[in-house]
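Everything on this sheet refers to the single structure shown next.
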There are 2 protein chains.
Amino acid sequence: MKAPDRLVGILGGMGPAATAEFYSKLIRRTPVTRDQDHLRVAIWADPTVPDRVGAVLGGTNDAYPAMLEGAQRLRDLGATVAVMPCHTAHFFLPALAKDSGLRFLDMVGETVAELERRPGAAGSVGLLGTRATLASGLYQNRLREERFDVVVPEETTQWQVDLAIRKVKEGNQEDAGRHLDKAVHAMARTDASLIVLACTELPLAARHLTPEGSTDLLDPTDLLADAVIRECGGTPPVTGQQKAS
Amino acid sequence: MKAPDRLVGILGGMGPAATAEFYSKLIRRTPVTRDQDHLRVAIWADPTVPDRVGAVLGGTNDAYPAMLEGAQRLRDLGATVAVMPCHTAHFFLPALAKDSGLRFLDMVGETVAELERRPGAAGSVGLLGTRATLASGLYQNRLREERFDVVVPEETTQWQVDLAIRKVKEGNQEDAGRHLDKAVHAMARTDASLIVLACTELPLAARHLTPEGSTDLLDPTDLLADAVIRECGGTPPVTGQQKAS
């Protein structure tokens with residue numbers, strides 16, 4: 001593709017492994033035959049941003065100034081569009097877009113739109129994410145507006161999700177996969193016909209799922225990467241669905 | 001580790017997949033237990049920089065202005081140290097450091113230093129890289145100063161290296177691995193007791209090597225990541241050597 005006048009800003013570091021994985025994914029999904037066909041990208045990855053889960057659950061603004069500083073840096077670099085590959089931080093997305101003047105693509109909006117496009121998508125949607133993402137209703141409110149039923153994990157399943165996320169942040173993706181596996185199996189016993197990996201650490205854990213599972217997984221970072229490619233005039237390869245099987 | 005006052009600048013995009021892999025590697029090798037222990041990183045990835053191989057082989061300056069612009073952006077963001085995960089582009093490193101005023105860590109210097117540290121390192125060193133990296137003498141001059149013998153590929157082996165690099169840039173790492181495999185096997189029949197993967201696309205191809213090889217591979221991007229971690233006050237985990245076996 002050809003978009004030398006575009007600059008994609010990635011507001012990252014929350015966490016770093018998820019940022020690197022998103023950047024890799026954007027590269028893999030961009031249709032190219034040589035380096036020069038790829039998109040120009042600027043990444044601001046500040047992992048010292050205070051804990052986002054604590055900020056959302058505690059109703060504090062502790063994490064916001066550092067996030068806004070990152071958005072302003074990307075704007076000043078000339079980013080024509082920006083993304084933030086962290087679901088929990090999407091709680092702050094409207095304020096970030098307003099305060100920085102940067103155009104952000106919305107990972108939650110892309111995911112809801114993808115679910116609406118799917119044939120027979122009226123079933124229940126399972127959500128796996130941080131306690132902050134779930135408690136804030138970030139996904140549930142928009143999914144319910146579109147008449148989807150939403151299934152969130154029971155407490156013991158949420159423990160497994162918490163551990164999967166923590167293990168990715170510690171650099172241990174295999175252990176993360178074992179915890180996510182337990183969560184996916186528990187969700188498969190609910191009404192959910194599809195599970196949204198609503199935390200950007202979870203796709204890294206999902207590489208290590210056991211082959212027994214048969215639940216459809218939807219990875220919003222695939223959809224966000226594809227939205228970036230479309231925004232820059234390209235055609236992404238396929239939809240983002242994958243089978244946990 | 002704790003280095004909230006440091007900012008690592010990565011001058012990337014040459015190529016993008018190698019940049020993403022370097023960033024992932026830096027994250028994997030940084031000793032942490034949580035997001036906030038990771039290094040602050042800014043990446044400027046402009047894949048539209050004109051062909052570096054052509055510029056070095058043709059003796060032109062075509063690629064330089066865009067590279068310098070990237071270095072200046074990283075400097076203006078406040079980078080306290082910078083790296084450029086592309087060997088061919090290291091031809092321009094002294095000029096970039098001088099013209100931007102940015103402190104760059106030198107991947108070639110790190111590699112030569114690692115070879116000197118190794119016990120019994122007096123054997124021949126095999127070099128796999130772009131034709132520009134080899135033609136410029138970037139590695140050979142410094143290795144010969146340290147009394148290493150250097151083995152470069154024969155023409156038919158270089159074709160395989162060229163193809164391995166091109167396939168990574170096209171997003172086809174498995175095919176890249178097949179070509180690199182042929183090159184590694186050819187080098188194993190020379191005097192080289194160790195092979196330096198002197199192109200940042202090659203470690204991505206090396207993931208797909210067949211298990212038969214028994215030649216030691218040295219990945220300079222491991223050493224560069226470790227140099228960044230040391231520069232920021234941390235202790236990297238291990239040396240960068242891996243077995244192609």
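Since the model is a prediction, treat every value here as computed from it, not as a measurement. Chain identifiers are assigned alphabetically (A, B, ...) following the order of the sequence lines, protein sequences preceding nucleic acid strands; residue numbering begins at 1 within each chain.
- For residues 9-23 of chain B, every residue pair satisfying the salt bridge (charged side-chain N to carboxylate O under 4.0 Å, His left out) rule, not counting sequence neighbours, is listed here: B/E21-B/R28, B/E21-B/R207.
- Near-neighbour residues of residues 58-96 of chain A relative to chain B, defined by a heavy atom under 4.5 Å from a heavy atom of that chain, comprise A/R73, A/L77.
- Here the CG atom belonging to B/D219 is positioned 5.5 Å from the CG atom belonging to B/L197, to the nearest 0.5 angstrom.
- Residues of residues 32-51 of chain A placed with any heavy atom under 4.5 Å of a heavy atom in chain B are listed by number as A/V32, A/T33, A/D35, A/Q36, A/H38, A/L39, A/R40, A/V41, A/A42, A/I43, A/W44, A/A45, A/D46, A/P47, A/T48, A/V49, A/P50, A/D51.
- Shortest non-hydrogen contact noted between A/F22 and A/T221 is CE1-O, 3.6 Å.
- Contact between B/C232 and B/V8 at its shortest, heavy atoms only, is SG-CG2, 3.9 Å.
- Within the model, atoms CG of A/L127 and SG of A/C199 stand 12.0 Å from one another, a figure rounded to the nearest 0.5 Å.
- Under the 3.5 Å distance criterion, with hydrogens and angles disregarded, no donor-acceptor pair is assigned to the side chains of B/E174 and B/H208.
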Which is it for A/E231 and A/R103 under the salt bridge (Lys or Arg N to Asp or Glu O under 4.0 Å) test, yes or no, and what are the steps along the way? CA-CA 11 Å; A/E231 170 80 16; A/R103 169 167 160 69; 2.7 Å; yes
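- Annotation: the span from A/T210 atom OG1 to A/K182 atom NZ amounts to 11.0 Å, rounded to 0.5 Å.
- Taking 4.0 Å as the cut-off between side-chain N and carboxylate O, A/R178 and A/D175 count as a salt-bridged pair.
- The heavy-atom pair separating B/G234 from B/P236 by the smallest distance is O-CD, 3.7 Å.
- Summarising the geometry, atom CG belonging to A/D226 is positioned 9.0 Å from atom CG belonging to A/L224; distances are rounded to the nearest 0.5 Å.
- Residues of residues 12-19 of chain A that come within less than 4.5 angstrom of chain B, heavy atom to heavy atom, are A/G13, A/M14, A/G15, A/P16, A/A17, A/T19 in numerical order.
- One distance of note links CG of A/D106 with CG of A/L138; it measures 7.5 Å at 0.5 Å rounding.
- Nearest heavy-atom pair, B/L57 versus B/A135, reported as atom, atom and distance to 0.1 Å: CD2-CB, 3.6 Å.
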